[in-house]
Amino acid sequence: MSRYDPATLEPKWQHEWEKAGTFVARRSADKPKYYVLEMFPYPSGRIHIGHVRNYTMGDVIARYKLATGHNVLHPMGFDAFGMPAENAAMASGGHPADWTYQNIATMVAQMKPLGFGLDWSRMFATCDVEYYGQQQALFLDFLERGLVYRRAAVVNWDPVDMTVLANEQVIDGKGWRSGADVERRELTQWFFKISDFSGELLDALDRLDDWPAKVKTMQANWIGRSRGLQFGFDLVAPMADQTRIEVYTTRPDTLLGASFIGISPDHPIARALEAADPAVAEFCARARKGGTTEEAIEKAEKLGLDTGLRVRHPFDAEWQLPVWIANFILMDYGTGAIFGCPAHDARDLDFARKYHLPVISTFVPRTGAHALPEDGAPAFVPPKSETVRWTLPFAWAEEASGEQAVEAAIGFCEGRGIGQGVTKFRLRDWGLSRQRYWGCPIPVVHCDACGVVPETKENLPIELPRDVSFDIPGNPLDRHPTWRDCACPACGAPARRETDTMDTFVDSSWYFARFTAPRAQTPTDMAEAAYWMNVDQYIGGIEHAILHLLYSRFFARAMAICGHLPDTAIEPFDALFTQGMVTHAIYMTRDGAGRPVYHYPEEVTLRDGGGYLTDGRAVEIIPSAKMSKSKNNVVDPVAIIKAYGADTARWFVLSDSPPERDVEWTAAGAEATAKHLARVHRLASDIAQETSPANGADGDLLREMHKAIFDVTAGIDSFGFNAAIAKLYAFTNTLGKSTAGGTARRQAMLTLAQLMSPMTPHLAEEIWAMLGGAGLIANAPWPVADAAMLISDTVTLPIQINGKRKSEITVPKDMPKEEVEKIALADDAVQKALAGGQPKKLIVVPGRIVNVVI
RNA sequence: GCGGGCGUGAUGGAAUGGUAGACAUAUCGGACUUAAAAUCCGUGGGCCGUAUGGCCGUGGGGGUUCAAGUCCCCCCGCCCGCACCA
């Protein structure tokens, strides 16, 4: 009898799968397709245990779908452009391409021992010329259709990375990668016209039934639709060339509560006043200062300056309102001016109280006592869906919701020529130009005669030059001696290439489509795309909830417009699952100066709930922390595989915690998993030898087997991998203890192997072969639970007395209710509780429970 | 501030409104062994009890229901996202 030895059996079965082409995706008419995809990795050089969890989840789905008769597409690639490669080149003097391709080779070598059922023949990296050349073709098609354009823009400039950042890449005023304070600069940049799709991208979220609500909410907030009125206040006395102040509001229904007009310090009128009056200039300078740091926003003292200007209320020419410059109004949102309605806006109320401006309520709660903001109460700002009682309605009933009032107010104003209803979005166009080398070159040419000219497709791909240096900051393409020189595609005269490259988010915005035909001579092959798209199940981290997923949704639409994807694929990901992290405790002590010192898990012995170093010192344990090299709590998958085998790693990352939650890696847990798998192997070896005859225990075992099939299948179908694994533990225990005959036990063991095969495929193949299963278990049809076997002849019903379990009875499964009632009432515990009396009520839920109310 | 999520044994966590704590880990006890490892069996929410058993128990308080971890309301705590957004 052989021992469980993953180090020999895992490579053996990986070789068998490769030989048989088990996971090569094939189109065929006889089977439904299933496309499962995990977010592809950045080639940092090492796989992370988080990758293992991510890809294991995808692999469980892929193998399960294969066993249930699908043509499965389960590809893998690398998101390979980006800054770290350039940083490495700057640090070590190497070349980004060498660094990247070496890392990819290393990571593939680390991933293959995990036995993922991937179609490696489709692998690509986004830095492959074959890929980014097709991306350039896409760019040209987008350009032709007006989906990408060029304009001068004030951009976020990262002074450390020396590049432009998208708004989405600026976090708390700092570059998302460098962490440096972002500066504002005006540059001519390329933009994707994602804002044209704002409404569509927002509305379509409602149809993504299999996406987490959280992700949809985050995207909806990001797109940020608001419905309002754009209108103007006429200045009583024109000022410079200004006669009117344009305002946008989402609450035109509160126009009769207007108390002042607020303008941004950057508003043209403020600028004009500033030029003429040093006092105004001094105020504006002060007002602009705040609001850049989070801390300043937190303290947020409202600052205002009365300009002395007056405007007329659009409803009443006699009603004049003062114009204030206020520090809380931003020039780049809306029109840079607001009308202040202190009664229904907390911020306006703060301001009005500070500067003694009027407060006028226009509506009050529908019922109940209430204090008015006029009298010192907080601003009354109910949700717009709530019905309120209007004290100053002008186009709707006394009782109406905010939504109804807003629409009525817009209609009223439009009817009188006072402005118009406008829908605005927060989402801005996506600036994609980056002043970097290691990215996809933007395929356009600058010609003195013709201006900006798109490259012709025949000239694609525009390849990155190999001979570049990174010894000085900035973009090496700018200072390359010859690469920039080219002929204008329009007139043939000498011209210069665009030296900006594309944001790396572009690369990841269509790779899922490319996987359907990774070697096609066009960006996609429509026949392949039509067959394989959409991605049926996409799996990745929540950190991509906004950027990557929103950009991909935009790209799918743009590609459909250009004929690179079918119209059915504009929402490319049917179902999305966001998995949790793998965490690990941090072990920490402090040095003489109180600074933390981090210790590797190998240096720490755990006992009595505490951790100790070899010298006996106690360490502080911070549980469930994100893995970080600097904290010495990173678990290396390569070491885990070496110690326990891939199946143990795969099983462990799925067990214990629900997949959407974080799971804490513990040495004890990994050890326990390895022991369990060895136990299963031993059990299978024992069963392979057994010849005991059929007996009375067979039926019970087979019933349990069918229950296990049912439960495990349901678990996999619903992403309940931890629950499925719990069932597998339970069934293994049942099988181990069962006294059933050899044939029944063998059948149960084969089924157990099949049910385990998505999680621990190598061990499953080994057992399958040991017990004489036909072919590869990977290709064996998934077992089906026999409904008849799930129901036993008798059921055990708990008996509750007043809702508390007191006893139980066992009755035939289809015994009529009346009979069950009789038996329940005859039960000792019930008789004792009744003490000769009659129950008030008797509830029998057939097959579930009996409740006696006394 | 707004929006969303979560809170269950020592621990990770189960539980279509129907037996709370499946499964696993720690612990403790036992078998096997000269011994250890490995393996196997048992114990594994709290309190009372020799025991059959009883009482309490899912962050706190209230409610709906024959029945609440689950549904509703209020409060506390933690996590995530957004935010001077007009």
Side-chain angles (χ1 to χ4, degrees), chain A residues 3 212-222 224 226 228-230 247-252 262 264 290-291 294 296-302 326-330 332-341 345-348 350-351 381 383 424-426 542-543 545-546 606-609 623-624 652 655-658 660-664 666-673 675-676 678-679 682 711 714 720 722-733 736-737 796-808 829 839-845 847-854:
Chain A
R3 281 178 59 99
K214 184 189 172 99
V215 173
K216 289 192 281 186
T217 305
M218 285 166 68
Q219 291 217 355
N221 289 341
W222 191 263
S226 64
L229 182 76
Q230 173 118 21
V247 166
Y248 171 75
T249 179
T250 56
R251 293 311 297 258
S264 163
E294 214 173 359
I297 290 167
E298 204 66 39
K299 290 177 192 152
E301 208 206 334
K302 308 267 177 293
N327 65 337
F328 62 88
I329 300 164
L330 309 174
D332 58 359
Y333 194 87
T335 62
I338 61 156
F339 84 85
C341 180
D345 184 296
R347 201 186 41 201
D348 293 352
D350 270 4
F351 191 79
V381 194
K424 280 191 191 277
F425 294 93
R426 207 183 82 108
I542 187 76
E543 66 273 19
I546 298 175
L606 296 175
R607 64 182 126 88
D608 311 328
S624 296
F652 182 79
S655 64
D656 280 356
S657 283
E660 67 276 14
R661 247 188 264 179
D662 292 350
V663 64
E664 179 157 359
T666 62
E671 197 89 37
T673 298
K675 279 184 194 173
H676 175 72
R679 187 155 52 229
R682 197 161 49 238
D711 290 340
N722 57 324
I725 283 178
K727 298 291 177 194
L728 288 168
Y729 270 114
F731 182 55
T732 305
N733 292 342
K737 285 175 189 167
T796 299
L797 297 180
I799 296 182
Q800 296 181 328
I801 293 170
N802 291 341
K804 296 199 174 188
R805 185 188 173 280
K806 291 290 171 182
S807 180
E808 61 181 35
K840 276 199 204 133
K841 206 164 176 183
L842 187 57
I843 288 132
V844 176
V845 184
R848 294 223 67 109
I849 205 161
V850 178
N851 193 6
V852 185
V853 185
I854 296 170

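What you see is a predicted model, and the numbers here were worked out from it, not measured in a lab. Chain naming here is simple, since letters A, B, ... match the order of the sequence lines and numbering starts at 1 in each.
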Colleague: For A:Glu660, give me all partners under salt bridge (charged side-chain N to carboxylate O under 4.0 Å, His left out), at least two apart in sequence or on another chain.
Modeller: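 With sequence neighbours excluded, A:Glu660 shows a salt bridge (charged side-chain N to carboxylate O under 4.0 Å, His left out) to no residue whatsoever.
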Colleague: Residues in side chain to side chain donor-acceptor pair (under 3.5 Å) with A:Thr666, at least two apart?
Modeller: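 Once residues adjacent in sequence are excluded, A:Thr666 has no partner under the side chain to side chain donor-acceptor pair (under 3.5 Å) criterion.
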Colleague: Just jot down the side-chain contact (heavy atoms from CB on, under 4.5 Å) partners of A:Ile338, sequence neighbours excluded, or say none.
Modeller: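 Counting only residues at least two positions away or on another chain, A:Ile338 forms a side-chain contact (heavy atoms from CB on, under 4.5 Å) with A:Phe328, A:Ile329, A:Asp348.
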Colleague: Got a list of protein N/O to nucleotides 37-41 of chain B N/O distances below 3.5 Å?
Modeller:
residue : atom : partner  : partner atom : Å
B:U39   : O3'  : A:Arg682 : NH2          : 3.4

Colleague: Any side-chain heavy-atom pair from A:Leu842 and A:Val850 closer than 4.5 angstrom?
Modeller: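 When only atoms from C-beta onward are counted, A:Val850 and A:Leu842 do touch, with a gap below 4.5 Å.
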Colleague: Tell me: CD1 of A:Ile725 to C1' of B:A24, nearest whole Å?
Modeller: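 Checked: the CD1 to C1' distance equals 11 Å.
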Colleague: Using the test side-chain contact (heavy atoms from CB on, under 4.5 Å), find all partners of A:Ala714 that sit at least two apart in sequence or belong to another chain.
Modeller: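 For A:Ala714, no residue satisfies side-chain contact (heavy atoms from CB on, under 4.5 Å) once neighbours in sequence are set aside.
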Colleague: Between N or O atoms, less than 3.5 Å apart, protein on one side and nucleotides 28-32 of chain B on the other: list the pairs.
Modeller:
none

Colleague: Please report, rounded to the nearest Å, how far the P atom of B:C82 is from the CG atom of A:Asn221.
Modeller: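 In whole Å, B:C82 P lies 9 Å from A:Asn221 CG.
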Colleague: A:Ala668 or A:Ser226: which one's nearest nucleotide on RNA chain B is closer to the 5' end?
Modeller: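 First, find each residue's nearest nucleotide; the 5'-ward one identifies A:Ala668.
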Colleague: Using a cutoff of under 3.5 Å, can you pull out all pairs of nitrogen or oxygen atoms linking the protein to nucleotides 10-16 of chain B, with atom names and distances?
Modeller:
residue : atom : partner  : partner atom : Å
B:G12   : O2'  : A:Ser657 : OG           : 3.3
B:G12   : N2   : A:Asp656 : OD1          : 3.3
B:A14   : OP1  : A:Asn722 : ND2          : 3.4
B:U16   : O4   : A:Arg848 : NE           : 3.3
B:U16   : O4   : A:Arg848 : NH1          : 2.6

Colleague: Take atom NZ of A:Lys214 and atom P of B:C79, then tell me their distance rounded to the nearest Å.
Modeller: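 Rounded to the whole Å, the gap is 13 Å.
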Colleague: With rounding to whole Å, what would you report as the distance between B:G13 and B:A22 at their C1' atoms?
Modeller: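 It comes out at 10 Å once rounded to the nearest Å.
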Colleague: If the condition is side-chain contact (heavy atoms from CB on, under 4.5 Å), which residues does A:Glu808 pass it with, not counting sequence neighbours?
Modeller: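 With neighbours one apart ignored, the set is A:Thr796, A:Arg805.
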Colleague: What's the CG-P distance between A:Asn851 and B:G18, to the nearest Å?
Modeller: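 That distance rounds to 13 Å.
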Colleague: Starting from the 5' end of RNA chain B, give me the residue, A:Thr249 or A:Val845, whose nearest nucleotide shows up first.
Modeller: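 Closer to the 5' end of RNA chain B: A:Val845.
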Colleague: Identify the pairs formed between an N or O of the protein and an N or O of nucleotides 51-56 of chain B at a distance under 3.5 Å, and give each distance.
Modeller:
residue : atom : partner  : partner atom : Å
B:C55   : OP2  : A:Lys806 : NZ           : 3.2

Colleague: Using the criterion of both pairing distances under 3.5 Å for Watson-Crick and G-U wobble pairs, give all stems of 3 or more consecutive pairs involving RNA chain B.
Modeller: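 Stem list for RNA chain B: B:1-7 with B:76-82, B:10-12 with B:23-25, B:28-31 with B:39-42, B:45-48 with B:53-56, B:59-63 with B:71-75.
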Colleague: Roughly, in whole Å, what's the span from OH in A:Tyr729 to P in B:G21?
Modeller: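 Taking OH of A:Tyr729 and P of B:G21, I get 21 Å after rounding.
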Colleague: Which part of the nucleic acid, if any, lies within reach of A:Ile329 when heavy atoms closer than 4.0 Å are counted: base, sugar-phosphate only, or nothing?
Modeller: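 Here A:Ile329 touches the bases of the nucleic acid.
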Colleague: For the pair made of CE in A:Met218 and C1' in B:A83, what is the distance, rounded to whole Å?
Modeller: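 Going from CE in A:Met218 over to C1' in B:A83 covers 14 Å.
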Colleague: What integer distance in Å separates A:Ile801:CD1 from B:A67:P?
Modeller: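 To the nearest whole Å, that distance equals 14 Å.
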Colleague: Excluding sequence neighbours, so at least two apart, what forms side chain to side chain donor-acceptor pair (under 3.5 Å) with A:Ser226?
Modeller: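 Per chain and number, A:Ser226 pairs via side chain to side chain donor-acceptor pair (under 3.5 Å) with A:Tyr248.
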Colleague: Please determine if a side-chain N or O atom of A:Arg426 lies less than 4.0 Å away from the OP1 or OP2 oxygen of B:C82.
Modeller: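 A:Arg426 to B:C82 OP1/OP2: no side-chain N or O under 4.0 Å.
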Colleague: Among all residues two or more places apart in sequence or in another chain, which pass the side-chain contact (heavy atoms from CB on, under 4.5 Å) test with A:Asn733?
Modeller: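 Not a single residue meets the side-chain contact (heavy atoms from CB on, under 4.5 Å) criterion with A:Asn733.
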Colleague: Determine the contact category for A:Asn733: base if any of its heavy atoms lies under 4.0 Å from a base atom, sugar-phosphate if only primed atoms, P, OP1 or OP2 are that close, otherwise nothing.
Modeller: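 If one applies the 4.0 Å heavy-atom cut-off, A:Asn733 turns out to touch the sugar-phosphate alone, with no base involved.
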